[in-house]
Amino acid sequence: MNENPLMPQVAEIIEIVPETEDGDVKTFVVENEGGFAYRPGQCAMLSVLGVGECMISISSNHIEGAPLEFSVQRVGRVTDALHDLEVGHRVGVRGPYGNAFPLDDWKGKNLLFIGGGIGLAPLRPVINRCLQRRDDFGEMQLIYGARSPGNLCFKRELYDNWAEDPDIDVALTVDEGDDDWDGAVALVPHYLEELAPASEDTVAITCGPPIMIRFTIEALKRLGFADDDIVTTLELKMQCGVGKCGRCNIGSKYVCVDGPVFTYEQLKSVPQEY
Amino acid sequence: MKLLRTDEMMHLLQRLSDEGRVFLPRLEDETILFRRWEGDSPSLDALRAGNTALPAKDLLFPQTEEVFRFVANAQNLAIMSGEPDDAPPVIFGIRPCDAASIQMLDRVFLDEDFPETTYARRRDGAILVTWACTDVQDTCFCPTFGIDPAGPVQTGDIHVTDLDDELVLEATSDRGGTILDDLAEHLTDADQGAQDKVDSLREAVRESVVSAPAADDLAETLAGMHEDPIWEEMAFRCLGCGACTYLCPTCHCYDLDGETRGTEGVRFRCWDSCMFSDFTRMAGGENPRPTKRERVRNRFLHKLQYFSEKHGVYGCVGCGRCITHCPACIDIADFIYTVRGADCDE
């Protein structure tokens, strides 16, 4: 780690993968020369020098020396600038920050992943890691949805790797279909209740837009999931990433250091500021 | 305990200036502020008046500070360390409340996982000469947090009690002890009479502070008050000006921003305020603290519940600056009274 925790390392963009048809989500593959090790669920601060920084979840799996991947939706000033960059351009990277998904706590349990839109980005490395440790877990299922078929992210995983993998069941849904779409058309929380997965011995891990998370948690509770078996990730405005600048606290918890992974049990006792 | 004639204070200041740049309270445009000591005779009026308008926080955590510089062009990007001013200060005449507040900043900036190096360098070398309060203001309430307004403080190096013609000096750290040893020719041992004067002065000052009840289990009480109507009442009055956070010795929120000229730029850190509406607003427009209710609640609970839960101490020292200067008369001591009043019969 740099001596000054706020100072990024320089990293070159080596590949840019468009994720959605509208081009609003791209995966940036950047070199990892600093060699920082990270766990599924952790984040890093990406800088476009001269514009600013933003906290992005690391969507690759940590493999020694392998590049880092960040899937970024264009939503504001910094992400706009990031989307305008090309292969060969350089960004600043600092991290990794935050806790990680507690895989060891899930041993022997069924895993139900529920994602919406770009919310699949933090779930992707944890799903892949769980598939690598497949014997540690029971059934694995992913319920994933997006606004439209063109907005589904990580299609190579959805349609190739995971769809072909008997170790994980993938159920896709969209808010609005098109002529080629023959899958489910429903909002993620509705589709979840329709599928009604068993809550027994199951951990539900959900990530997506705040509104989806809110309704998904309600649906999970109706399906009988215990509060500490509901796991989610939060994102709030962050500047420092190191628990000091005071932006991302929810009660006494800082999303950048104590999160982004929380159980619903933990979130019940803090103010509804997320 | 040693005695130094008040008119020989220059010897102490000169010795302290060997340790670093000395800052002391100085009257400037009708306001008392910590300013660099230039070798002149210090103003006793400024030292003896109520507390400085601003705490000494910026001497350890500057209002603006360079983090790094960069050169970015199409071919390359280079990031260089900034050039922060990290020379440790000597803070002379700091009040016990403000000296105690530095413990809170330490907990934030010197945490185990991500200690901030520039703060650490300033803090490690800093010398604090604490000054017993004698002119207590009616907004002071430091005893609520267990602070003795005229007594020595754990973070200090030398504690001064002003007995008019004489200053009673107590070393409160090893470095403070060394400094006093070096000044031996100007000091005399404090006799029982001086000791008695210090004791009675401390007691008199302590009793002169009309303080809210001790904050013992305040955090636990507040944990159950997140939806209390009191937040709407306070938010209704709040103008969102941020004066309270600017004046607060323990507020540590900051922003990171930058300036770019051509291919070169600098990234800097500057104080920010949780009372501003855009503080938590995210790209895309979502804001987890969308109204003053959430922002006022966060500020008060951060001081009186969250900080205590996270660090084991309250994030307020009862200096009273936010009470004195709030244009809407929002009063944190009064708030503690109200909460404790509902909670106990004190």
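What you see below is based on every heavy atom in this structure, not just the backbone, and it leaves out hydrogens, waters and symmetry mates. Naming convention: chains lettered A, B, ... in sequence-line order (proteins, then strands); numbering from 1 in each chain.
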Using only heavy-atom distances, determine whether the side chains of [X] and [Y] contain a donor-acceptor pair under 3.5 Å.
{"X": "Glu53(A)", "Y": "Ser47(A)", "answer": "yes"}
{"X": "Asp106(B)", "Y": "Tyr119(B)", "answer": "yes"}
{"X": "Thr250(B)", "Y": "Lys303(B)", "answer": "yes"}

Report the distance from atom [atom1] of [X] to atom [atom2] of [Y], rounding to the nearest 0.5 Å.
{"X": "Arg39(A)", "Y": "Asn99(A)", "atom1": "CZ", "atom2": "CG", "answer": "7.5 Å"}
{"X": "Cys54(A)", "Y": "Leu82(A)", "atom1": "SG", "atom2": "CG", "answer": "6.0 Å"}
{"X": "Thr263(B)", "Y": "Phe70(B)", "atom1": "OG1", "atom2": "CZ", "answer": "9.0 Å"}
{"X": "Arg94(A)", "Y": "Leu6(A)", "atom1": "CZ", "atom2": "CG", "answer": "5.0 Å"}

Residue among [options] with most heavy-atom pairs under 4.5 Å to chain B:
{"options": "Gly76(A), Gly251(A), Gly50(A), Gly246(A)", "value": "Gly251(A)"}
{"options": "Asn249(A), Val75(A), Leu236(A)", "value": "Asn249(A)"}
{"options": "Gly243(A), Pro210(A), Gly241(A)", "value": "Pro210(A)"}

task: Output the option from Glu264(B), His311(B), Glu309(B) having the highest count of non-hydrogen pairs under 4.5 Å with chain A.
output: Glu309(B)

message: For chain A, which candidate among Ile79(B), Thr280(B), Thr260(B) shows the most heavy-atom pairs at distances under 4.5 Å?
response: Ile79(B)

So, [X] and [Y], do they make that salt bridge, N to O below 4.0 Å?
{"X": "Asp98(B)", "Y": "Lys57(B)", "value": "no"}
{"X": "Arg121(B)", "Y": "Asp85(B)", "value": "no"}
{"X": "Asp217(B)", "Y": "Arg340(B)", "value": "yes"}
{"X": "Asp80(A)", "Y": "Arg74(A)", "value": "yes"}
{"X": "Glu65(B)", "Y": "Arg122(B)", "value": "yes"}
{"X": "Glu259(B)", "Y": "Arg267(B)", "value": "no"}

So which part of [X] gets closer than 4.5 Å to some heavy atom of chain A, the side chain, the backbone, both or neither?
{"X": "Asp272(B)", "result": "side chain"}
{"X": "Phe307(B)", "result": "neither"}
{"X": "Phe279(B)", "result": "both"}

query: Are there residues of residues 223-248 of chain B that reach to under 4.5 Å of chain A by heavy atoms, and which ones?
result: His226(B)

message: What residues of residues 283-302 of chain B make heavy-atom contacts with chain A at a cutoff under 4.5 angstrom?
response: Ala283(B), Gly284(B), Glu286(B), Pro288(B), Arg289(B), Glu294(B), Arg297(B), Asn298(B), His302(B)

What part of [X] gets within 4.5 angstrom of chain B, counting heavy atoms only: side chain, backbone, both, or neither?
{"X": "Val91(A)", "answer": "backbone"}
{"X": "Val51(A)", "answer": "neither"}
{"X": "Glu12(A)", "answer": "neither"}
{"X": "Cys240(A)", "answer": "both"}
{"X": "Ser269(A)", "answer": "backbone"}

task: Specify whether His62(A) and Tyr38(A) have parallel, tilted or perpendicular ring planes, treating 30° as the upper limit for parallel and 60° as the lower limit for perpendicular.
output: perpendicular

Side-chain touch Cys43(A)/Ile56(A), heavy atoms, less than 4.5 angstrom: no

query: So do the side chains of Arg69(B) and Met80(B) get within less than 4.5 Å of each other, counting heavy atoms only?
result: yes

